[in-house]
A.B. asks: 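Submitted below is the structure of interest, expressed as structure tokens.
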2 protein chains.
Amino acid sequence: MAVSARRGTPLTLEEIYTTALRMVDEVGVEGLSMRKLAAELDVNPMSLYHHVDNKMALLTQICDTNVQRLDLPPDESLPWQERLRILARAYRRLTTDHPEMWRYVYAHPEITADREGGLWGVLFPILEAAGVPQGEQRRTADVLYGFVAGLVFAETAGHIGQGQDAEEADRTFEAAVDLIVRGLGG
Amino acid sequence: MAVSARRGTPLTLEEIYTTALRMVDEVGVEGLSMRKLAAELDVNPMSLYHHVDNKMALLTQICDTNVQRLDLPPDESLPWQERLRILARAYRRLTTDHPEMWRYVYAHPEITADREGGLWGVLFPILEAAGVPQGEQRRTADVLYGFVAGLVFAETAGHIGQGQDAEEADRTFEAAVDLIVRGLGG
DNA sequence: ACCTGAACACCGTTCAAGT
DNA sequence: ACCTGAACACCGTTCAAGT
């Protein structure tokens, strides 16, 4: 007895990540354990540690991969108002694919620290075009990130919009972006 | 052996809540366990269950008590812009007292569901005074809650403002509230 | 009424041993 | 190189027994 717990094939990183993300989608990060993941993969729990440092490294890896998927950048020729809207919508769309994973990302900012470079690289030119003074751009970027990420989080976590359908939620998000654009003077 | 593990005095709910909150402040919710809490109280872990249903009920109780502490309401004679600023600042001040506890509140909205009634009761008249149409007030309230709670969360969690001092963080928050007021047409 | 010890069903992770 | 079982140090919680 040794080979057949797993059906012939060897364990791959790909397979581990995919299965882990699926389980997070289904039962949340709280519901995922290394032991259950191993059971799902039909493997001894300890086999996982041959491919992954530990649970946190596994989760970080999964989150990183998804953060990288942000659609960038909106065409620079568009007015800044439109670019901001497109960016905000892209960010929100990203989070709706794997809401449970994103709840974890929000709760553990160290995971994505300095890895959302693409986002900031697009945001600053937009603020420049909106006429935000150089000295205020970092601050304004922080505020906008806090607003949009926070609103999306409040939405996925269920702080707001309880009992509303998807279209209503979309309208609320658009109203939010409108408010931001108006607040920036556009 | 029986009486002296605890020094004479009996366990009280007060004592349990206070000690638990202190431990959350120190090591976060993740670092709090029923067993460690019992050790801190010099008591058998199972004694806690005589006073508290389970860990989640304990945490919910602690959070509830603190949510209730929101300073309300700003004087109704002030202009709505000023009332909104005061409300936003009060909300932020509340979260800075026990940031680790608030990270938990944000991640578990079911805890405070329908318990922040005071906040909404003050917010709607402000929106009315700001000229937000009746049919849009619920939506606008959601957006504002998402913005402010989200920004504060981003701040306490460390998503934004990394390496900045308290004064700088205050200025960022004021800029955020300014943007909201402008966005509302004020 | 309040507290306790032993026990159950879980965790993440290490380590020495197997192929 | 890859996988495994046994073990360690933890969890939350139940239950029957103690005072």
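Each chain gets a letter, A, B and so on, in the order the sequences are listed, and its residues count up from 1. Treat the numbers as computed from the prediction; the structure is a model and nothing was measured.
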A.B. asks: Taking the inter-plane angle between the rings of A:Y145 and B:H159 on a 0 to 90° scale, is it parallel (under 30°), tilted (30 to 60°) or perpendicular (over 60°)?
C.D. replies: tilted

A.B. asks: Could you state the CG-C1' distance from A:N44 to C:dA17, rounded to the nearest angstrom?
C.D. replies: 13 Å

A.B. asks: Would you call A:R83 and A:D75 a salt bridge, using N to O less than 4.0 angstrom?
C.D. replies: no

A.B. asks: Roughly, in whole Å, what's the span from CG in B:L37 to C1' in D:dC10?
C.D. replies: 16 Å

A.B. asks: Report the nucleotide, chosen from D:dG12, D:dC3, C:dC3, that has the shortest atom-to-atom distance to any side-chain atom of B:M34.
C.D. replies: D:dG12

A.B. asks: Which part of the nucleic acid, if any, lies within contact of B:M46, taking any heavy atom under 4.0 Å across all strands shown: a base, the sugar-phosphate backbone alone, or nothing?
C.D. replies: base

A.B. asks: In whole Å, I'd like the distance from the CG atom of B:L13 to the P atom of C:dC3.
C.D. replies: 11 Å

A.B. asks: How do B:P45 and A:D53 order along DNA chain C: which one's closest nucleotide is nearer the 5' end?
C.D. replies: B:P45

A.B. asks: When the distance from CD of A:E30 to P of C:dG12 is rounded to whole Å, what number comes out?
C.D. replies: 12 Å

A.B. asks: Is A:H51 near enough to D:dC3 that one of its side-chain N or O atoms lies under 4.0 angstrom from OP1 or OP2?
C.D. replies: yes

A.B. asks: If the cut-off is 4.0 Å, is A:H50 near the phosphate of D:dT4, judged by side-chain N/O to OP1 or OP2?
C.D. replies: no

A.B. asks: Tell me which nucleotide among C:dA7, D:dC3, C:dT13 gets nearest to the side chain of A:R35.
C.D. replies: C:dT13

A.B. asks: Taking OP1 and OP2 of C:dC10, is either one under 4.0 Å from a side-chain nitrogen or oxygen of A:K36?
C.D. replies: no

A.B. asks: Whole angstroms only, please: what is the CG-P distance between B:L41 and C:dC3?
C.D. replies: 11 Å

A.B. asks: Counting Watson-Crick and G-U wobble pairs with both distances under 3.5 Å, what is the dot-bracket string for DNA chain C, 5' to 3', using [ ] for crossing pairs and | for pairs to another strand?
C.D. replies: ||.|||||...|||||.||

A.B. asks: Would B:R69 and B:D97 pass as an ion pair if we require N to O under 4.0 Å?
C.D. replies: no

A.B. asks: Where the side chain of B:Y49 is defined as all heavy atoms beyond and including C-beta, which of C:dT14, C:dC3, D:dG12 is the nearest nucleotide?
C.D. replies: D:dG12

A.B. asks: Charged N to carboxylate O under 4.0 angstrom, A:R182 versus A:D178?
C.D. replies: no

A.B. asks: Can we say B:E174 and B:R171 salt-bridge, meaning some charged N sits less than 4.0 Å from an Asp/Glu carboxylate O?
C.D. replies: no

A.B. asks: According to a strict under-4.0 Å criterion, is A:S47 in side-chain N/O contact with OP1 or OP2 of D:dT4?
C.D. replies: yes

A.B. asks: Between P on D:dC11 and CG on B:L58, what's the gap in Å once rounded to a whole number?
C.D. replies: 15 Å

A.B. asks: A:L48 CG to C:dT14 C1': how many Å, rounded?
C.D. replies: 15 Å

A.B. asks: Rounded to whole Å, please give me the gap between NZ in A:K55 and P in D:dC11.
C.D. replies: 15 Å

A.B. asks: Kindly indicate whether the side chain of A:M101, heavy atoms from C-beta on, has any atom under 4.5 Å from the side chain of A:V29.
C.D. replies: no

A.B. asks: Could you tabulate the donor-acceptor pairs under 3.5 Å formed by side-chain atoms of residues 146-158 of chain B, not counting sequence neighbours?
C.D. replies:
from: B:E155; atom 1: OE1; to: B:R92; atom 2: NE; distance (Å): 3.2
from: B:E155; atom 1: OE2; to: B:R92; atom 2: NE; distance (Å): 3.4
from: B:E155; atom 1: OE2; to: B:R92; atom 2: NH2; distance (Å): 2.7
from: B:T156; atom 1: OG1; to: B:V152; atom 2: O; distance (Å): 3.3
from: B:T156; atom 1: OG1; to: B:F153; atom 2: O; distance (Å): 3.2

